[in-house]
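Report on one structure; see the data block that follows.
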Amino acid sequence: MTNVNLNIVEELKSRGLLAQTAGEDELEDHLLSDSRAVYCGFDPTADSLHIGSLVPLLALKRFQLAGHKPIAVAGGATGLIGDPSFKSQERKLNTAEITQAWTASIKEQLEQFIDFDSGENSALVVNNLHWTENLDLIPFLRDIGKHFSVNAMIQKESVKQRIEREGEGISFTEFTYMILQSYDFAELNRMFECTLQIGGSDQWGNITSGIDLTRRLNQKQVFGLTLPLVTKADGSKFGKTEEGTIWLDSSRTSCYAFYQFWINTADADAYRFLKYFTFMDVAEIDALEEKDKNAQGRPEAQGVLAKEVTRLVHGEEGLVAAERISAALFSGDISKLTESDFEQLKQDGLPASGSTETLFPLVQALVESELAKSNKMAREFIGNGAVTVNGEKVSDNAIELTWDTAFFGKYFLLKRGKKLFHLLYKD
RNA sequence: GGAGGGGUUCCCGAGUGGUCAAAGGGAUCAGACUGUAAAUCUGACGCGUAAGCUUCGGUGGUUCAAAUCCACCCCCCUCCA
């Protein structure tokens, strides 16, 4: 399905994945003339990456497919400092132990996206702590710091709001972040002949600053390229739902929830997201768009998107499980599910919990299953007609559940709103 | 160290003694309409079935009554040194 376009710049451009480049035309020639090492950094701000990191992560893979060598940098050092770029507030520092643990798990995640066994352009995952932890302060300030102009640093758009905005400030710690990231680039250039750094468009300032440092330190010309920030047509923030962030780690966001996230993509975003988040051919995506436009009713795009991205992140197995749950819950009659279907749903990762009680109020069940945040909310949902038990709408909020009314004497499928399910089983 | 400004419910932001669980906006959730879209309309949005209870950086105090007044403390910002 994927025709590999060896002209990666052109490829990115055609997918709408090219925000800015430093080096312009030369960059395209540079990438076409040889296999190059390309890097992108990922800071540990949690123990897992989330879908916000997916675009740059997949971009590394795209470079690899085009014959280049991807280097993913886990920010064991930079994560200790905190990137101020476009952040409105100073961030709390995490302890070294936490950062170290997070760096380790993020490193693991990075490893599953790029290929380590493709000969010349096999991927590399490194931790920037390795070349920063033993730096000495005075030599660093003299040899590296001397190349930075504070005047230039405070001009960067990424820190402007922190400098200019009333009510917020920036500590020297975060202000220094740019220097560290720049040093990464220079080091990677020195060690692996890395000549290109990519990142989200919020990284532009840090990237160009790294280009400058590399030139001054190594007398080498290197390049930069940024990917667009993912936006949604309705203006809301990409990657968040009621449940919060969509993580790549399935223990944080189940394959099913992950799949559902993509299924719920707005029409206006679906085709763009297909270009951003999958390796499908652009022509193929355009054809799908054309087809959907001419068809009646529900477009296919979201289904394809969910399928492709879930497979990329959670593999075939995760995809199958997610599809199985989705099919059971959203198409067809819940009352037709068999006992083994329920067992399967449980195993596939449908939110579920067991209970040993013989009788309990529905309100309580909703709260315990986290379908409602409080009893009050639970009552309100029931009153609104938003709650369904085993496919039947419930409007009496005094109702109590007993197992003899459950499916197969041991399953209650609770539903709140249109899309939120919870399986309650007898323990 | 000095001078000034500020910390309000998820976010922004009103509120300067009772009528304040606290305006307005955003975000979010539910219902209707739909396609598990979008847009729109309606409703909810501290906890509690309710009486009521717990909130406005922290701790004490004044008062019948405090987010609002006083004292001390913590944190942030701006300018000066």
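Of the candidate nucleotides C47(B), U36(B), A30(B), C47(B) has the atom nearest to the side chain of K376(A). Between G31(B), C45(B), C29(B), one nucleotide has an atom nearer to the side chain of K418(A) than all others, and that is G31(B). When distances run from any side-chain atom of N375(A) to the nucleotides G48(B), U34(B), G35(B), the shortest one goes to G48(B). When the nucleotides A30(B), C47(B), A37(B) are ranked by their closest atom to the side chain of D267(A), A37(B) comes out on top. Which of G43(B), C47(B), U36(B) sits closest to the side chain of F330(A) comes down to U36(B). Distances were taken from every side-chain heavy atom of A266(A) (C-beta onward) to each of A38(B), G31(B), C45(B); the shortest belongs to A38(B). Side-chain atoms of N384(A) lie closest to G31(B) of the nucleotides G31(B), G35(B), A37(B).
For the P atoms, the distance linking C72(B) with A3(B) amounts to 13 Å, nearest Å. Atom C1' of G46(B) sits at a distance of 12 Å from the matching atom of C56(B), rounded to the whole Å. With P as the reference atom, C74(B) and U63(B) are 27 Å apart, rounded to whole Å. On the C1' atoms, A71(B) is 43 Å away from U49(B), given to the nearest whole Å. Atom name C1', nucleotides G43(B) and A65(B): the rounded distance is 35 Å, in whole Å. As rounded to the nearest Å, U68(B) and U9(B) have P atoms that lie 14 Å from one another. The separation of A67(B) from G17(B), taken at their C1' atoms, amounts to 11 Å, rounded to a whole angstrom. For the C1' atom pair drawn from U28(B) and C45(B), the interatomic distance equals 8 Å after rounding to whole Å.
Side-chain contact annotation: N264(A) with Q302(A), donor-acceptor N/O pair under 3.5 Å absent. Residues Q197(A) and Y39(A) have side chains that bring a donor and an acceptor to within less than 3.5 angstrom of each other. Side chain to side chain, T78(A) and Q181(A) fail the donor-acceptor criterion of an N or O pair below 3.5 Å. Looking at D292(A) and Y271(A), their side chains do bring a donor and an acceptor atom within 3.5 Å of each other.
Taking a pair to require two hydrogen-bonding distances under 3.5 Å in either a Watson-Crick or a G-U wobble arrangement, A51(B) remains unpaired. U62(B) is unpaired under the Watson-Crick or G-U wobble criterion, no partner having all donor-acceptor distances under 3.5 Å. The nucleotide C45(B) finds no pairing partner, because no Watson-Crick or G-U wobble arrangement with both distances shorter than 3.5 Å includes it. Remark: G35(B) base-pairs with no nucleotide in the shown strands. Criterion, Watson-Crick or G-U wobble with two distances under 3.5 Å. Both distances falling under 3.5 Å, in either a Watson-Crick or a G-U wobble arrangement, occur for no nucleotide opposite A22(B). C56(B) is unpaired under the criterion used here, namely a Watson-Crick or G-U wobble arrangement in which both key atom distances are under 3.5 Å. Pairing of C79(B), defined by two Watson-Crick or G-U wobble distances under 3.5 Å, is identified with G2(B).
Phosphate proximity of A37(B) to K419(A): present, with a side-chain N or O under 4.0 Å from OP1 or OP2. An OP1 or OP2 oxygen of C29(B) is reached within less than 4.0 angstrom by no side-chain nitrogen or oxygen of R416(A). In this model, the phosphate group of U49(B) is approached by a side-chain N or O of R379(A) to a distance below 4.0 Å at OP1 or OP2. The phosphate of G46(B) has neither OP1 nor OP2 within less than 4.0 Å of any side-chain N or O from S374(A).
Atoms CD (E323(A)) and P (U36(B)) sit 17 Å apart, rounded to a whole Å. Spacing between atom CD of Q364(A) and atom P of G48(B) amounts to 13 Å, rounded to whole angstrom units. The nearest whole Å value for the distance from the CG atom in N397(A) to the P atom in A30(B) is 18 Å. At whole-Å resolution of the value, CD in E300(A) and C1' in U36(B) are 16 Å apart. Following rounding to the nearest Å, M377(A) (CE) and C45(B) (P) show an atom-to-atom distance of 7 Å. At whole-Å resolution of the value, CG in L420(A) and P in C29(B) are 10 Å apart. Taking atom CZ on R298(A) and atom P on A38(B), their separation rounds to 11 Å, with Å as the unit. One atom, NZ of K373(A), and another, P of A44(B), lie 17 Å apart when rounded to the nearest Å.
Ionic pairing of D47(A) and R252(A) is present here: one or more N-O contacts between side-chain nitrogen and carboxylate oxygen are shorter than 4.0 angstrom.
Under a cutoff of 6.0 Å and an axis angle of 45°, R62(A) and F279(A) form a cation-pi pair. Taking the ring centre of Y425(A) as origin, the terminal cationic atom of K346(A) falls inside the region bounded by 6.0 Å and 45° from the ring axis.
By the 30° and 60° cut-offs, the orientation of the rings of F408(A) relative to Y411(A) is perpendicular.
For Q302(A) against U36(B), no side-chain N or O and base N or O form a donor-acceptor pair under 3.5 Å.
Nearest-nucleotide positions on RNA chain B for K393(A) and Q260(A) put K393(A) closer to the 5' end.
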